[in-house]
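Lettering of chains follows the sequences in order, A, B, ..., and the numbering in each one begins at 1.
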Amino acid sequence: MSEETRRQRLREIDQMREEGVEPYPYRFEKTHWAGDIKNEFSTLENSQTKEDVEIRTAGRVMALRSHGKSSFFVLRDDTGRIQAYIRLDSVGKDSFEIFKKYVNIGDFVGVTGFPFKTHTGEVSVFAKSFEILSKSIRTMPEKWHGLKDKEIIYRQRYAEMLSSDEALNRFKIRSELFRLIREFLAQRRFIEVDTPMLLHLTGGASARPFETRINVFESQMFLRIAEELFLKRYLVGGFERIFEIGKNFRNEGISYKHHPEFTMMELYWAYADYNDIMDITEAMINHIVENLAGSTRISYQGREIDFSRPWRRVKMADFIQDNLGANILEDSDERLIEVLKKHNSEPDMKERGHLIEKLWDLVEDKLVNPTFVTEHPVIISPLSKVHRSDPRVTERFELIISSMEMANAFSELNDPIEQHRRFLHQAGLREAGDEEAQMMDDDFLRALEYGMPPTGGLGIGWDRILMLVTDSPTIRDIIPFPLVRPISFEEEELQSEEELQE
RNA sequence: GACUCGCUAGCUCAGCAGGUAGAGCACCUGACUUUUAAUCAGGGGGUCGCGGGUUCGAAUCCCGCGCGAGUCACCA
């Protein structure tokens, strides 16, 4: 990495200090944000000044247009960009010299002055004084094309954020999403709780966990793959409407819709069933999409998705029957395998639940608009109640949007004897080599034996909803700091350190 | 994991009949007191992803590796 500019900056910083200009001061009293200034003074006439208003704003210098005895520069903060104007006769010769000599694109600068509109009608700040707040020693990405290299974008997300307003906004939307959820649920008497991520055994979902070790107990531990089993313990304890938003970790593949660390929300609602959960899911996602995208009809990767209610509901067995001609409730295993093979899908295991999952995968991509797929067979739903009028299936639904599973919910199984039986079946699968089968959780069963109210439960992968709302083609675009293969910048960093030691 | 494509200055890219590397932005110097991709003049900056091979000579051709992107397969 040859970095002439960086070396120049380091020299400049020394020089600044010699001249008594601190490159990294402690504080700036900021009274106005870029977006606010633009809004508040948009009604000024061209060339009009408002000298009675004092503005103190700060941000990163994104553009610098120097004209000898004056300069225009653009400051960017997390509300937008605002142009500032500085001139020799307003800040004085010494100060102006410092500006010319030391302010570069990329630096943080604070400005004190008053609002005005330029001849060409841009709301700006007329600087009466300025302060360098933090010197940057690396060059910014190109101002017009920005960063395009995906590798840099993912590995140095800060570089994308600081150079792309679109990126900054994308992650502001992420934050806004979680604010909206909390607001929505608080209005309905749901309270936010938390559960452990570090566990002695995992459960609540079918997935391979990350393994780690704890030194004090000298024992193996797992990162959680779901919040479910602990949130239900809250219900046993007496909580009625709870939710948790947090990370889950699954030691499986990475794809445009899978990321090993992802943000899941689970919600449990005592005295409700899966029909109630369907209603609240529909209402909540509808509410969030409308607020974030401005409409319940959005365009995702060139395809329209319509969130207007009510959403389509199809029974899993019917949908597979209609599309593949297989009956997952009645047909023999052999018949299911036959159908799978006909569609070039080779089952890894002959276990019936696995066959059903594979069949489902074949038809999932037919669903674009929000669709509730309901009544999954008991065999693939170890934590949900048997359907009240059909013992072959459960009171369960998954929400599919744009071929992605967005939510999974059911009338929660609260019969401890039945739950024990289901765990035994899962344990059998595990012994037969299914690494994703659930583990027997005796403490959870003990909790159920104390009694858990009838409950509707829900899990939503909000990252995927966020993909839709921001029209992002991959989940990595909406995870601020996605997982990347560790390597490659060692050399670069080593060199940087050597330079610093000079 | 398989296949396809990519990796050249800090960033965005050009250069590939094999002849020793270029532009724009950014940076430095100078001019310029309402510009907005400011303008004008001049200048510095590269182990062409890494390693090996072919060749008098490789950014360019061949092989291996690394990292990334896309498609497919699998788990939310």
Side-chain angles (χ1 to χ4, degrees), chain A residues 1-9 11-12 46-47 49 62-74 81 83-91 96 101 104-106 116-122 124 126 136-156 159-160 163 204-209 225-226 248-260 262-264 344-348 354 357-358 361 364 398-400 404-408 435-436 459-465 473-476 484-492 495:
Chain A
M1 181 176 69
S2 138
E3 272 217 44
E4 190 201 11
T5 307
R6 197 163 162 280
R7 279 191 288 272
Q8 270 169 9
R9 292 284 169 272
R11 278 197 301 272
E12 273 171 24
N46 288 6
S47 308
T49 60
M62 302 302 284
L64 191 54
R65 294 181 284 276
S66 182
H67 296 262
K69 295 188 179 60
S70 75
S71 269
F72 285 93
F73 55 106
V74 176
R81 297 175 181 226
Q83 176 172 265
Y85 180 54
I86 185 171
R87 43 198 272 186
L88 189 146
D89 60 11
S90 67
V91 298
F96 192 76
K101 205 163 157 190
N104 292 103
I105 289 175
F116 78 109
K117 218 173 206 180
T118 61
H119 293 334
T120 48
E122 178 155 349
S124 308
F126 195 108
S136 169
I137 61 176
R138 289 201 185 233
T139 45
M140 296 271 288
E142 214 256 355
K143 67 180 173 189
W144 195 242
H145 301 92
L147 265 186
K148 288 194 168 172
D149 187 333
K150 293 277 190 194
E151 187 159 359
I152 302 178
I153 287 175
Y154 294 138
R155 284 182 189 275
Q156 302 174 232
E160 189 201 23
S163 60
S206 301
R208 277 184 301 210
I225 56 173
N248 283 178
F249 308 88
R250 299 190 181 174
N251 207 342
E252 308 199 5
I254 295 180
S255 78
Y256 77 96
K257 58 180 174 180
H258 296 98
H259 192 262
F262 66 104
T263 301
M264 172 98 133
N344 298 318
S345 176
E346 197 65 37
D348 309 317
H354 178 70
E357 301 270 14
K358 296 285 282 189
D361 288 339
E364 190 177 51
E398 288 183 299
L399 171 64
I400 311 294
M404 289 188 281
E405 184 190 326
M406 296 293 180
N408 185 19
E435 288 182 75
E436 292 173 4
I460 296 185
W462 285 113
D463 298 302
R464 289 179 175 177
I465 300 282
T474 91
I475 198 166
R476 291 151 73 83
V484 285
R485 209 174 278 272
I487 238 180
S488 102
F489 64 87
E490 263 84 295
E491 267 181 32
E492 182 187 356
Q495 202 166 348

Could you check which of [options] has an atom nearest any side-chain atom of [X]?
X	options	answer
Lys150(A)	C32(B), A26(B), G68(B)	G68(B)
His258(A)	A76(B), U35(B), A26(B)	A76(B)
Arg65(A)	U35(B), U12(B), C27(B)	U35(B)
Arg476(A)	A76(B), C74(B), A69(B)	A69(B)
Glu12(A)	C28(B), U33(B), U12(B)	C28(B)
Pro141(A)	A38(B), C28(B), C11(B)	C11(B)

Residues which pass salt bridge (charged side-chain N to carboxylate O under 4.0 Å, His left out) with Arg65(A), listed by chain and number, not counting sequence neighbours: none
For a quick check of understanding: with a heavy-atom distance under 4.0 Å over all strands, which category does [X] fall into, base, sugar-phosphate or nothing?
X	answer
Gly461(A)	nothing
Glu122(A)	base
Gln83(A)	base
Tyr256(A)	nothing
Lys358(A)	sugar-phosphate
Ser47(A)	nothing
Asn248(A)	nothing
Ile105(A)	sugar-phosphate
Gly459(A)	nothing
Glu160(A)	nothing
Glu436(A)	sugar-phosphate
Ser255(A)	base
Arg464(A)	base
Phe262(A)	base

Short side-chain N/O contact from [X] to OP1 or OP2 of [N], under 4.0 Å:
X	N	result
Asn46(A)	U34(B)	no
Arg87(A)	U33(B)	no
Arg485(A)	G68(B)	yes
Arg11(A)	C28(B)	no
Lys143(A)	A26(B)	yes

Partner of [N] by Watson-Crick or G-U wobble geometry, both contacts under 3.5 Å, or none?
N	answer
C25(B)	G10(B)
C40(B)	G30(B)
C61(B)	G53(B)
G46(B)	none
G70(B)	C3(B)
U20(B)	none

Take Gln83(A) and Ser124(A) through the side-chain hydrogen bond (donor to acceptor under 3.5 Å, both in side chains) test and state the conclusion after the steps. CA-CA 5 Å; Gln83(A) 176 172 265; Ser124(A) 308; 3.0 Å; yes
How far, in whole Å, is [M] from [N] if one measures between their [atom1] atoms?
N	M	atom1	answer
C28(B)	G10(B)	C1'	15 Å
C5(B)	G49(B)	C1'	15 Å
U20(B)	U12(B)	P	27 Å

Taking side chain as C-beta onward, heavy atoms only, is [X] less than 4.5 Å from [Y]?
X	Y	value
His258(A)	Arg250(A)	no
Ile465(A)	Met406(A)	yes
Thr118(A)	Tyr85(A)	no

Would His119(A) count as stacked on U34(B) if the rule is ring centres under 5.5 Å and plane angle under 30°? yes
Go through it in stages, so that I can follow the logic: the residues are His67(A) and Ser70(A), the test is side-chain hydrogen bond (donor to acceptor under 3.5 Å, both in side chains), and I'd like the CA-CA distance, side-chain angles, deciding distance and then a yes or no. CA-CA 5 Å; His67(A) 296 262; Ser70(A) 75; 5.4 Å; no
Please identify each residue that fulfils side-chain contact (heavy atoms from CB on, under 4.5 Å) with Thr474(A), with sequence neighbours left out. Tyr154(A), Tyr256(A), Arg476(A), Asp477(A)
